[in-house]
Structure formats: structure tokens, C-alpha cells
Amino acid sequence: MLRMGRDSSQASAPPLASKIMFFPHFFQMLDVYDLLSFDNPDGGVWKQGFDISYQDNEWDNEPLQVFVVPHSHNDPGWLKTFDDYYRDQTQHILNNMVVKLHEDSRRKMIWSEISYFSKWWDNIDEQKRDAVRRLIESGQLEVATGGWVMPDEASTHYSALIDQLVEGHQWLERNLGVKPKTGWAVDPFGHTPTQAYLLRQAGLSNMLIQRVHYTVKKHFASQKTLEFFWRQNWDQDSSSDILCHMMPFYSYDVPHTCGPDPKICCQYDFKRLPGGRISCPWRIPPQAITDNNVQERAQTLLDQYRKKSKLFRTNVLLVPLGDDFRYTEAVEWDQQFDNYQKLFDYMNSHPELHVQAQFGTISDYFEALRKSTGMDPVGINVGQLALPVLSGDFFTYADRDDHYWSGYFTSRPFYKRLDRVLESHLRAAEVLYSLTLANIQKYGQPNDYPSVDNYKLLTEARRNLGLFQHHDAITGTGKDWVVVDYGTRLFHSILNVKRVIVSSAHWLVLKDKQTYFHDPSNPFLQMDDVQPSQDALPRKIIFEVHEKPRLLVVYNPTEQARMSMVTVYVTTPKVRVLNALGHVVRAQVSAVWNDASHAAADVFQVRSATSVHHITALWVYSAPLGLSVYQLMEGMEPRTEAAKYMFLQDGRQISVSELEHFRQFYQQDAAPVHIENPHLKLSISTATGLLEKMRLKEDDSEDLVKVEFVLYGTTSNKDKSGAYLFLPDKEATVKITIGSDKTHEVTRLLVSSLLRLRAPHSSVQPRKTMAKLPLQANFYPMTSMVYLQDSSGRLSLLTAQSLGAASLKSGQLEVIMDRRLNQDDNRGLGQGVLDNKITANSFRLLLEKRSSADEAQNEETAPYSYPSILSHMSYMYLNHPLISMAVNQRSDNPSLTPYSPLSASFPCDMHLVNLREGGGPSEQAALILHRKGFDCGFSNRNTGLLCTTTRGKIHLEKLLTDLKVKSITPVSLSLMHTHNSDADPQEISLKPMEIRTYRLQLS
């Protein structure tokens, strides 16, 4: 999900006519945005649309087929925590579902969030479970999507989207034997083609989306293109196509789903009957259906159904029936189902109405739709292709006026960062755990490795991470105490997966496996950092170093060998670092600063180019997925250098304490400070401490790359910025005063470059900055990276957390770093955002020169774009840092040996998304691979990468050192379907951008 855009100021498109125009068979969303004028005329009863008319005889030859789909949207946390919603509402909805669906076989229901369903399942008896299985077998209950949550699609990383989908699908397979066919996403705030791709790879055939910009909905409705095959930008054929239905109106609630007039549709939400707790805002209440009113009520409803069906190409109509946490009480089930059944009975018994109406599930609808168009019942093999093909995405979402939902791309950035920390550690733990289980088989089962306990910790972490992908969690749009609940879950899971990493690494590096002993209260290895609480930054552990060697184990969680820096905190400035062979490793010792002018007297940083974690002055080789072993000991060592410090005096006297171990320099003038290495020279302003220039030594070119911090206020209009919306007062100002009295988007990181780059154009999803749209509409989610480019070069910003980004002027890139908001934005949250935390956002800036101008020319017109190999690998290093652990001081120094599971690196463009055990400690693991698309048009000199490319081919057995592949079977993304293949299973071959899963047995 890599996104960004191109600079272009488009002329306004002509106003959209509501008549059906000629539509292309294939269309690209970037072209649609060019076409639309984004005006907002009053459309009558359908405020954001147009008047719909029809002839009474249109259905004479082919009756209208209506599927009313009951649903209940259960947010796993929003205004209440997940557990509180479950206690107060969700368990009652599911309990009533079992009773009420059994009362009448014509009743149907769909469910989507497995996080809730699994919690309920654990609390019901076997009799009720059998009743649920019968409802599923009879087709009355359908599980749609089947992920752990209905995830956000802007801030989530694709690996976490896969993880929560696998968790949900594996739970369904184990407990219900269910394989979902259709995606259901009514509430995420904008939609990405990445989610469409993942659903297709998981074996789903259809999907539904709802929150799309109101102007885009109106355009699609006028063209009858609300149903389409969604294809990936980079797909050269139709292999990624998935059939998609876009809901046409404002919301997924009942007033906006039966037809274009919410005043009428609200009268058919029978929970709002007089005397209940909620009513219709249009002041015309529903009426219970009786013999006296059924004719008029049925004809009024049918008029809405017919008008809605005019927006689609077939005579099959979808009408969702539900809202947030609906069907909690038994009486609501009776109100909705009994009254609708009377309406259906009337319609179906009057052939002159030419309608067949019934309750259905979402897959019932899609099956009928496919049948009516002569399509393959589940696949994409189409009889006559009645529906168009679309590529592109649906950001940034606006639900009305200039209310663009670009604020949540950054809201609560501390937790967006914490999400990535858990993601990275969980993946590292999954891989180590899988390798450990396979390794244990080889050596014979030890009694002591906590395989069952570790699997429980991994499962809980997968589920907590999955829960946080929910569209009110990672988005930062929950109540304060709900945010704390999510944060606490992430925090506990980070602690727990570290336990898995430590106990697995202990087994793998131990030379004599017989001596393995697991003591949870006093682990053999100790992580080099600790996070004190859910809302605090991690702190480095200080390791005591004496003459006796202190052993350090460093884990490289990436599948490519790498040279990287590691930083550990030690108690002496006199440190020797040795590798496993006893050779001295070059290192640097530097001060740990308590504040700007006070260094710690008894703590020092050792940076060595081992494969270790934070600060660096030396490079050490780290094997792919390997564990390296180093020794730290006290003593003088010529190859350990002390850092040098320069202080800018600016006319003032500076007093610095505790620096006697380090050389010091003082600079009086305001000349820029230079930092350089063999490849790069940076100029940093002494006034601001921020970057100003970059010189590439490869061709001695200099670029002005200026970083500054700026501020947005909020508009003075009635509607203001909140957790969801970004409604700025004006362009940003370069003035920072951070206090609680102001509402503002606190700071953006502004990277401007005088390369005169065309503006951002992100990997895979290009963006356009459009002058016809307000400023806030030109912000997009930056999930992984964004870049600016011209024909000669590219400036990439790689990120370790998801934030909102824009390029409002050519050659300029903006990232919103934090937001502080005194008020609510009227989207249901009912509060501002005032719980800001000190957040360690992490980025890398990469400047690259093009080796070929032709490539740049081709990319100008392409609907997609790729990062370079160097950019992909830099992103991996940023998001999956090396993990350092020291042997506990109380342990006797046993004999440790480095562990290297692979004989060579994976190809540079091949990413091990995960290697995760399935179904408890077992012999089988899911191997998930992604082949990254990359742009070859950049210089590959001096990249320092220790990998090559192999045209997407891997021979797994040849890559493994001591493990053997017992079996490998290609399966769908979430392991629901097994693929038959004649190819040699050992030889894995992936197309660019393809993500594939294999069921793997190692021995």
C-alpha cells in the first residue's frame, strides 16, 4: 500500500449530467478525478445526487429481484472498549441471532468481525454451537470477509492486513469449516486496491465498499458503473480482478440504503417505530405493517427500490438492512423481520408489480447478479463482460461539502508508531519460533522449550495487532480510554513477543542443546531496551561490562544479509568488541546525554558495526534471518574510538559536564555544520539544527534539501478539524508554539527540494495535487514511503509509521507529524484530540540519480510507479531493525554459536512477509512471500546491498543450511484453499508484485 502523487493543476471538468453517457470498458481513477468538477449542487431528495425517474413497464419482461441483507455493524472498540461493547451489546446480538433465525427459515443475516464472534463462541455451549453450524449450512447466516476486524485501509500496512485476515480465516476453518466468499466493508474511511488484491488472493470472489467521495458516487451512479471489476494498477491481465459493488448513497444505515429518499427509507427502519428510543430525523415515523396499509406501504417502498435499481445495470438489487450494533434486543428482530416479511409477501403475491423480494445474504446477492449477467458463478471468467474494469483507489474520502477525512491519517501518531513496533517484533518472533520448532525436531524434543506457552503468546499478539487494524483503532478515532485500552494491548503483546524471541534465540545459539533451561522469571537473554508503559517511549537497558566477556546476541529479522549498526549502553568507556571467532570489531564509544549540556557520568554508548541495533560507527555483517554472537569486555582497544563533540557557541560560553573521555571542539561562527561519509555530504543549519543541503559524491551534484517545521490552525467556520476531518484555516505558517490553548495540526515535516521535481508519485499508487480541490483534499495516507521526482532524480521519504502527506507545491513534500484539537468534528466521536504523547517518528531520506531519462519518460504516463531496489531495502532496514540481546549476568557464560538458517540471502526483490505456525505448535507453517516491483532506472553503484535479483525465482531447499523441506504446497493467501500445481513445488516463482502463501513443513 504505497501511495503518493503527481503535481497537476487541472482545468475544471464540465458539470456532470445525470443522463447515462457512453462509458469505457476500462477506466483509471486518476482520469475520473481529472474529469470531475467536484461541484456540489443540490440534487433534491438525494441531496448529493440527482432525480431518478423510470417507466412503469420497464420490469415487464424481467422482474426486479430484491435482496434485503440484514447486518449489524459491530465496531471492536470506538465509544466503548472492545470488551465493554461485547458485554453490553454484541453478545446479545449474537445470542438473539441464533434464536430468531431459527424461528423462520426465510430470515437471513451476515456477520463480519471474527474478533467478536470468536469471543462469543468461547462463551457458548456445544448445543448453541451446533445451532450456529446449522444456520451456516442452511445459508441463513453468512460470514462476510471473515477477517479479525473490518480494517482501516489508509493507515494499515499490508502485512498487518494479511495477518488479521489469516487469523480470522484460520479461526473459521478450525471452528466452523467456513470459507468466506464475499468482502463487506461498509465503514472504513476510503478504500484501497491493496485490500481488494488481498481478498482476491485469499480466494474471495466479490466485495462491497461504501465510504467513497460523494462526487465519485454520483458520477459512478450516472454512468451505471457502481459495479465493476477492480483490477490492480500494475496488473497486465485480469488475474487480480475482483467483482466490487459500491453502495450509492451517503451511509450504510437504513435511511440511506433502500433508495434515494432518506425521508421515505427511514419509515422502513422498524426499530424507529413510535415509542422506541430512536426516531426519524425527517419527522415521519415508520408504521407497523397491517392488512389495511400493506398495499400503500409496499408500493411506496417498491418505488424506492425501482429508483435505486436505475443506478445499476441489472435487475438484481441489493438493499442492506442494518446499522451500528443493531438487533441487540429480541423485539427489534421481530419488528424488522415480521414487518418486512409482510411487505415481501404482498409484493411477491402481486405479479403485476413485477418484483421478487426476499431476505438474503451478501453472497446470495452476488450469485444472482453473476447469473443475470451470464458470469461465472464465483470466478472472473465472464460470459459477456457486462461490467467495466476499474483501476485506482478511493482516497481521500469526503462525505459532504469540503469535509475531507484526511485528519485521521495522522491522529494519535504515538499509537500508529507503536503498531509498527509490534508488527516488526511479531514477525521476528513468528520466524524465530517456526525455525526453533523445526530445529528442535532435528535435535530431538527438549523438555523445556516453552512451545505451547510461546504459541499462546503469539496468538494473543496476532489478535491484539489484528484488533488494532480496526477502522477506529489505528485511525486514532476512538475515545481517550478506548485508545488507552488498545495501547495497553499493543504494549503487553510487545513484551510477550520479546519473551518468544528471547527463549527461541536462546535455543538456537546454544551450542550444547542438552543444557537448555527455560526460566521465565530469569531469562537467559535480556533485550537491550524496555518500554516502561503503554504511552511511554522505550529506554535502553544499561549493560554492565567487566573484564570477563559479556555476550551479546544480535538477530537480523530480514531475509537478506546486511551490514548495519548496533548501539548498546554500557557502564565504561573502555570497551573491546569481539565477534564469535574472537576477532576485534571496530566500534565507537559516545556519551549518553541527560540533556543538552549534561552527559551521563556512568553510561556510555557503544556503536559497532555488528549486526546490532541503534547507533553506529562501524559495520558488521549479519546473516539473513541469522543470530550473531559478540563479546563485550572492559579494556583498552585501539579499534574502539571515542566520539568527538563539536559545540556551537554563538557568542555564548557553554559549560558541558562529564565529557573528559571525549575530545571537544568549539565553533564560534554561524557557518553550516557538515556531516559526511564516502558517499554523501550533508549541510546542517547552525540556527535551526535542520538539514539544508545534500551533496552526492558519486557525481558531485549538490541539491538544496531544506527541512522546516510549520503549523496549521483550524477554520473559523462552524465545522472544524477533529479526529477525522482536516479543515485548516489557511496555508501553514512557519511558527511553532505548542500549547493546549490552540487547535492545530502540530507541525508538519516539510521537505522541500530545489530539484524542481514533479511532485509526489508514490510507489504503485500515483497521486495528483489538484488546484480545483481544497488544500485538505490533497493530503493522502503515507503508509510506507512517498517520493518526488523529475527526469534526473528522485527524493524519497521512507517512513516507519503511517502519517498524512501532501505535495502542495512543486518540489515540496509535507508530512503532518501530530494534531491537537480542542473540539469534535461531528462524526460521532464526541471529543477532541488532546491526549498527545511524545512520539519518536522515524524516517529515512533517500536521494537517487536516474541512470536513464527514457525510464523517467515512460513513468510520466504510467498509472503506477515503483521504488528502486535500494529504496525497498532501506525501507526494510528502517522497519525491521536488528534486535540485540545480552546474556543475563547471572548466567554462567555457556558456549554460544552463531545461527544461520540460510546459506544465502533471498533475492533483493523477494520479501518474507511471514513464516507463521498454524494451529498450535505443529510441524506446519505458513510461508508468505511477496515479490516487490522495482524501478531499474536508478544507479546501483555503491548501494552496499548484499543480495541480487533472480527474476522472481527461489529454490527453497537450496537456500536452507541445516533444515530440509519435508513438503511445500501452494495455497491461497489465508490458507483456505489448496492450489493444484504441476510445477516443482521446491522452485518458487513469483510475478512482480505477487503475494503468495505456501503450506510448509520443515524438518
Side-chain angles (χ1 to χ4, degrees), residues 495 498 502 521-533 536-554 564-579 584-618 620 628-649 653-666 689 838 840 881-893 896:
L495 296 179
K498 285 180 172 181
V502 159
S521 62
N522 183 26
F524 175 73
L525 291 169
Q526 180 184 16
M527 282 281 178
D528 83 327
D529 67 355
V530 63
Q531 186 175 334
S533 66
L537 294 175
R539 291 198 303 254
K540 296 287 274 187
I541 298 287
I542 301 160
F543 295 133
E544 286 192 35
V545 174
H546 305 291
E547 289 176 10
K548 180 185 168 191
R550 182 85 190 259
L551 294 178
L552 191 70
V553 175
V554 179
S564 283
M565 280 301 177
V566 172
T567 306
V568 288
Y569 280 27
V570 293
T571 49
T572 171
K574 300 182 179 69
V575 184
R576 300 183 74 209
V577 182
L578 308 178
N579 64 16
V584 175
V585 175
R586 261 188 77 196
Q588 181 189 48
V589 175
S590 45
V592 172
W593 293 87
N594 293 334
D595 57 44
S597 59
H598 295 89
D602 52 355
V603 184
F604 303 89
Q605 302 181 34
V606 178
R607 297 137 170 218
S608 112
T610 44
S611 2
V612 205
H613 193 76
H614 274 83
I615 309 170
T616 352
L618 219 273
V620 175
S628 313
V629 179
Y630 298 93
Q631 302 174 48
L632 302 176
M633 61 185 81
E634 193 170 25
M636 297 302 290
E637 172 53 59
R639 299 199 65 189
T640 300
E641 299 171 28
K644 305 178 186 74
Y645 287 94
M646 183 173 82
F647 297 93
L648 304 170
Q649 287 191 301
Q653 199 59 38
I654 296 176
S655 124
V656 181
S657 63
E658 307 295 353
L659 269 191
E660 62 269 21
H661 302 292
F662 306 98
R663 286 171 64 195
Q664 298 159 48
F665 301 88
Y666 291 86
I838 296 173
L882 297 167
I883 296 172
S884 317
M885 302 159 265
V887 172
N888 195 317
Q889 269 203 302
R890 284 165 293 187
S891 306
D892 296 330
N893 261 6
L896 302 188

Side chain to side chain, Val568 and Ile542, heavy atoms closer than 4.5 Å: no
Sidechain N-carboxylate O distance under 4.0 Å for Asp528, Arg539: no
Beyond-backbone contact of Leu551 with Tyr630, side-chain heavy atoms, under 4.5 angstrom: no
Note: Glu637-Lys574 ion pair, threshold 4.0 Å (strictly below): no
Met636 atom CE, over 12 foreign heavy atoms within 6.0 Å: no
side-chain contact (heavy atoms from CB on, under 4.5 Å) evaluation trace for Val606 with Gln588: CA-CA 6 Å; Val606 178; Gln588 181 189 48; over 6 Å; no
Contact check, side chains of Met527 and Leu495, non-hydrogen atoms, under 4.5 Å: no
Note, Phe543 side chain near Leu552 side chain (heavy atom, < 4.5 Å): yes
Parallel, tilted or perpendicular: ring planes of Trp593 versus Phe647, cut at 30 and 60 degrees: perpendicular
Beyond-backbone contact of Val502 with Met885, side-chain heavy atoms, under 4.5 angstrom: yes
Steps toward side-chain contact (heavy atoms from CB on, under 4.5 Å) verdict (Val603, Tyr569): CA-CA 6 Å; Val603 184; Tyr569 280 27; 3.7 Å; yes
Crowding at CD, Glu660 (>12 non-hydrogen neighbours, <6.0 Å): yes
Residues forming a side chain to side chain donor-acceptor pair (under 3.5 Å) with Gln526, sequence neighbours excluded: none
Flag side-chain contact, heavy atom, 4.5 Å: Lys548 against Met633: no
Side chain to side chain donor-acceptor pair (under 3.5 Å) involving His661 - partner list, sequence neighbours excluded: none
Min side-chain heavy-atom separation Gln664-Leu659 under 4.5 Å: yes
Side-chain heavy-atom pair Leu648, Met646 within 4.5 angstrom cut-off: yes
From CG (Asp529) to NZ (Lys540), nearest 0.5 Å: 6.0 Å
